[in-house]
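A quick write-up on the structure given underneath.
Since the structure is predicted, the reported quantities are computational estimates derived from the model, not experimental observations.
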Amino acid sequence: MKSAEIRQQFLKFFESKGHQIVASSSLVPHDDPTLLFTNAGMNQFKDVFLGFDKRPYTRATTSQKCVRAGGKHNDLENVGYTARHHTFFEMLGNFSFGDYFKRDAIKYAWELLTEVYKLPKERLMVTVYAEDDEAFDIWTKEIGVPVDKVVRIGDNKGARYASDNFWMMGDTGPCGPCTEIFYDHGEHIPGGPPGSPDEDGDRFIEIWNNVFMQFNRDEAGVMHPLPKPSVDTGMGLERIAAVLQHVHANYEIDLFQNLIKAAVRETNSKDADGPSLRVLADHIRACSFLIADGVIPGNEGRGFVLRRIIRRAIRHGWKLGVRQPFFHRMVPDLVAEMGEAYPELKAGEARIMDMLKLEEERFFATIEHGMAILDGELAAMAASGSTVFNGETAFKLHDTYGFPLDLTADICREKQFSVDAAAFDAAMARQKEQARAAGKFKMAAQLDYDGPATTFHGYDMLETKGNVLALYKDGAAVNELVEGEMGVVVLDDTPFYAESGGQVGDRGVLQSVHGIFAVEDTQKLQAAVFGHHGVVKTGKITVGNGVSAKVDIAARARTARHHSATHLMHKALREVLGGHVQQKGSLVDPDKTRFDFAHHQPMTEAEIRKVEAIVNAEILANAATEARVMKIDDAQKSGAMMLFGEKYGDEVRVLSIGSSKELCGGTHVERTGDIGLLKIVGESGVAAGVRRVEAVCGDVALAWLAAQQDTLAAVTGALKAQPQEVVAKVNQLVDQARALEKELARLKSKLASSQGDDLAAQAADVKGVKVLAATLEGADVPTLRETMDKLKDKLKSAAIVLAAVDGDKVSLIAGVTSDLTGKVKAGELVNAVAQQVGGKGGGRPDMAQAGGTNPAALPAALASVKGWVEGRV
């Protein structure tokens, strides 16, 4: 029975028992910050079990995508080396939310296993919690399982309810006993039944766990019966497939066999049973599904876990002899296996392949050097008898070559070595401290303020009356600021927006009968206390003064245009590039909007134009903007976009502008038409998997377009062409330049050939070896190389150094014929010469290159070559 059929039969069986088939939730549990990844079928129903959420059904069944590769639930180091550990797996489950309980759950499980899957009853045995007489009686008296096949598992962890057969959601909350079903693989497999001293063997394998949530545990540890006991079950698809396909290891089932074949194909491996191939088959599933669910490789959180898994896969490919990107080519094989059950995999196939290929290219660029260092260290350890890998070296591998600590530990483990994790952590902490100390910008001292909060009026007005509550100069509270002094003013009422959510703070003036204070920036001193940063232009400002607070209207209007356009652009980016686009940072000011977002490759010109067109169509529609304050739950139900990882209060401000609806506390235009025009002026990469667009709006956009026209006019004037002829004219000039470059290269080659003939005659004979050191006038590095090759062919057995000078730059190349590389190394020779001209270099034994900055010393340096070679031959 194929895995796809097993999955389908499970869901259809429980559907026939009145269960709602519920689609798998994302691997990214957006509504549960306590989880790194979805790791169990019950995750999406957690709030239902806790009573915080109510569904239109009381019975559900799922095939849930799960990942255990980070945090508390981490199986990564065992993957590929055991029969049943995976980073990604599918959990089949059936759930009752206060509907049926133990009797039905047990009967359903037994019926499915023995009548639908037709497992022999004599191969099955079960466990129950030692005190759960009800479950024991159901199994033995109603189902008919022999008493000797039902094992009571007691409290074996030093406290009551601390049993493998008693499940708890946490230290407090819903909990209850569970009953597990085991399959006996037969006497030929080592291991004993559950509860025995040999239970860790592979003979008896748990295939299904039924959890009966019947208590609520309070902080005192008292168990209170739940008014609506519930059921939560889980059966790993891979495990039950192994049983039904009559194989022992999960990697032998159809799902994995086809992926292992793909790994064999891409690595040209001769050993189809090796652990590295199992790692690749497992990891392509985890990586592809995580990317499909919006995770992007990065240096923190979920992105870092994904990068670790990818790099672990690449390293196993490296072990198999692969030296170029290969892993991404396994994605179509995975889609063929699982794309029908999980459409998001099929829909994201191209993006998944692109992202994996990009990560492979990055890591392959450094893995060779890193592996050389690691192998050298391991060889030295083996020679010295040491068993602990140096933590400083492990950090260097992490910091310079992208080897996560657990990848280094994985490689060491294969050689029976451990890693000095404490030294690694110390090196990491030291680097962070140095980075902080070297930071160009330092956080200003926290101002000591404990007065009333500031009331913000800036959504509705740009000028208000206010009173000065506090003044600060150089970080210290003062009673007065006088003309020319810089400081911070705290008001009780203000129209000034304090920097937040990517929008810069307002600027403007505070004016009283005593003086004028120019506000250059507005920042939050505390969550509800605004600090107006600036300088006293005339007179003075004193605590207790009443002031007229006026925002710079033009700057605010430009900022609002850019902020509103950012919302529309975010929506358009998701529409054009895909739902994986997530905001990663923004800066909105009067001059531009800068928006960082998750995406794995540069935008094409066509994609940029499409985003612009969508936004400008929204602007032309001139829809009214609406901002509403509502409860966070109501905002979620309304479909407002929220930034994952952001912390929101009980009440939030929901901004609807055009087709966009997001949580936002910023200032905006009244109608989309007020934006005027959006023009994207830049697109670039800022980090792995993060792109940046910069755009301008309104009068700023018009000024940008005018500048572009001026540039075009200057170009047309220089080319003496009409605007429509510019591209053809430039292409013509480029073609001419390339032709001249080719002709120049031909002439240089001819010059090199002629100089080579002349130079060969200048070579000195040293103990039968031809030694030559000379300068080629007007030569570049390619010419030096070409001349070197010709001289080596002509002189047969020789050590040669050629040099060229361009201003203050010295270029050096050393060449040694193959018969001499045992005695004379080109890398050492060129370095000896380079050090004399203010440089250094190195390379292969037969050819090496270097540079220097002291041309005056070159004649003497070249003269030293003969003696240097003579000393070695």
Considering non-hydrogen atoms only, spot the tightest contact between [X] and [Y] and give its length.
{"X": "Met355", "Y": "Ile296", "result": "CE-CG1, 4.0 Å"}
{"X": "Met461", "Y": "Pro495", "result": "O-CB, 3.5 Å"}
{"X": "Val611", "Y": "Ala572", "result": "CG1-CB, 3.9 Å"}
{"X": "Val588", "Y": "Thr559", "result": "CG1-O, 3.5 Å"}
{"X": "Val504", "Y": "Pro590", "result": "CG2-CD, 4.1 Å"}
{"X": "Gly658", "Y": "Thr672", "result": "N-CG2, 4.0 Å"}

Ignoring hydrogens and angles, state whether a donor on the side chain of [X] or [Y] is under 3.5 Å from an acceptor on the partner side chain.
{"X": "Thr593", "Y": "Thr566", "answer": "yes"}
{"X": "Glu520", "Y": "His533", "answer": "no"}
{"X": "Glu499", "Y": "Thr522", "answer": "no"}
{"X": "Ser548", "Y": "Gln511", "answer": "no"}

Can the ring centres of [X] and [Y] be said to be less than 6.0 Å apart?
{"X": "Phe403", "Y": "Phe395", "result": "no"}
{"X": "His570", "Y": "Phe595", "result": "yes"}
{"X": "His532", "Y": "Phe517", "result": "no"}

What's the verdict on side chain to side chain contact (heavy atoms under 4.5 Å, CB included) for Val48 and Lys54, showing C-alpha distance, side-chain angles and the deciding distance?
CA-CA 6 Å; Val48 183; Lys54 187 171 179 61; over 6 Å; no

So how far is it from [X] [atom1] to [Y] [atom2], rounded to the nearest 0.5 Å?
{"X": "Leu471", "Y": "Glu480", "atom1": "CG", "atom2": "CD", "result": "8.5 Å"}
{"X": "Leu491", "Y": "Thr455", "atom1": "CG", "atom2": "OG1", "result": "11.0 Å"}
{"X": "His563", "Y": "Leu655", "atom1": "NE2", "atom2": "CG", "result": "8.0 Å"}
{"X": "Lys571", "Y": "Ser659", "atom1": "NZ", "atom2": "OG", "result": "3.5 Å"}
{"X": "Asp492", "Y": "Lys465", "atom1": "CG", "atom2": "NZ", "result": "13.0 Å"}
{"X": "Leu525", "Y": "Tyr449", "atom1": "CG", "atom2": "OH", "result": "8.5 Å"}

I want to check a possible cation-pi pair here: Arg653 against Tyr459, using under 6.0 Å from ring centre and within 45° of the ring axis as the test.
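Judged by the rule (NZ or CZ under 6.0 Å from the ring centre, within 45° of its axis), Arg653 counts as positioned above Tyr459.
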
Could you check if a side-chain atom of [X] sits within less than 4.5 angstrom of a side-chain atom of [Y], using non-hydrogen atoms only?
{"X": "Leu481", "Y": "Tyr472", "result": "no"}
{"X": "Leu510", "Y": "Ile516", "result": "no"}
{"X": "Val696", "Y": "His562", "result": "yes"}
{"X": "Cys175", "Y": "Met223", "result": "yes"}
{"X": "Ile614", "Y": "Val576", "result": "yes"}
{"X": "Val468", "Y": "Val547", "result": "yes"}
{"X": "Trp704", "Y": "Gln708", "result": "yes"}
{"X": "Arg561", "Y": "Asp674", "result": "no"}

Atom [atom1] of residue position [X] - does it have more than 12 heavy atoms of other residues, nucleotides or ligands inside 6.0 Å?
{"X": "Asp710", "atom1": "CG", "answer": "yes"}
{"X": "Arg556", "atom1": "CZ", "answer": "yes"}
{"X": "Glu670", "atom1": "CD", "answer": "no"}
{"X": "Leu702", "atom1": "CG", "answer": "yes"}
{"X": "Arg628", "atom1": "CZ", "answer": "no"}
{"X": "Asp450", "atom1": "CG", "answer": "no"}

Any chance you could lay out the side chain to side chain contact (heavy atoms under 4.5 Å, CB included) test for Phe424 and Thr408, step after step, and finish with the verdict?
CA-CA 11 Å; Phe424 176 93; Thr408 300; over 6 Å; no

Do [X] and [Y] sit within salt-bridge range, that is, some charged N less than 4.0 Å from a carboxylate O?
{"X": "Glu607", "Y": "Lys610", "value": "no"}
{"X": "Lys540", "Y": "Glu483", "value": "no"}
{"X": "Asp699", "Y": "Arg558", "value": "yes"}
{"X": "Lys473", "Y": "Glu485", "value": "yes"}
{"X": "Lys679", "Y": "Glu612", "value": "yes"}

Kindly indicate, with the supporting measurements, whether the criterion side chain to side chain donor-acceptor pair (under 3.5 Å) is fulfilled by Gln523 and Asp521.
CA-CA 7 Å; Gln523 297 283 331; Asp521 190 15; 2.8 Å; yes

Verdict with supporting geometry, Met569 and Val693, side chain to side chain contact (heavy atoms under 4.5 Å, CB included):
CA-CA 10 Å; Met569 189 165 63; Val693 288; 3.8 Å; yes

Test ring-ring contact (aromatic ring centres under 6.0 Å, His included) on Phe215 and His224; report intermediate values, then the result.
CA-CA 5 Å; Phe215 302 111; His224 303 278; 9.5 Å; no

Determine the sole option in Arg692, Gln582, Arg691, Gln583 for which the side-chain hydrogen bond (donor to acceptor under 3.5 Å, both in side chains) test with Asp596 is passed.
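Only one of Arg692, Gln582, Arg691, Gln583 forms a side-chain hydrogen bond (donor to acceptor under 3.5 Å, both in side chains) with Asp596, namely Arg692.
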
Could you check Phe530 against Phe456 for ring-ring contact (aromatic ring centres under 6.0 Å, His included), going step by step and ending with a plain yes or no?
CA-CA 9 Å; Phe530 292 13; Phe456 176 61; 5.8 Å; yes

Set out, in order, the CA-CA distance, both residues' side-chain angles and the distance that settles side chain to side chain donor-acceptor pair (under 3.5 Å) for His457 and Asp493, then state yes or no.
CA-CA 7 Å; His457 303 278; Asp493 293 276; 2.7 Å; yes

Start with the C-alpha gap between Asp552 and Asp506, add the side-chain angles, then the distance that decides, and say whether side chain to side chain contact (heavy atoms under 4.5 Å, CB included) holds.
CA-CA 7 Å; Asp552 183 328; Asp506 278 331; over 6 Å; no

Between Ser586 (side chain) and Arg594 (backbone), is there a donor-acceptor pair under 3.5 Å?
no

Short side-chain to backbone donor-acceptor contact, Asn545 and Thr542, under 3.5 Å:
yes

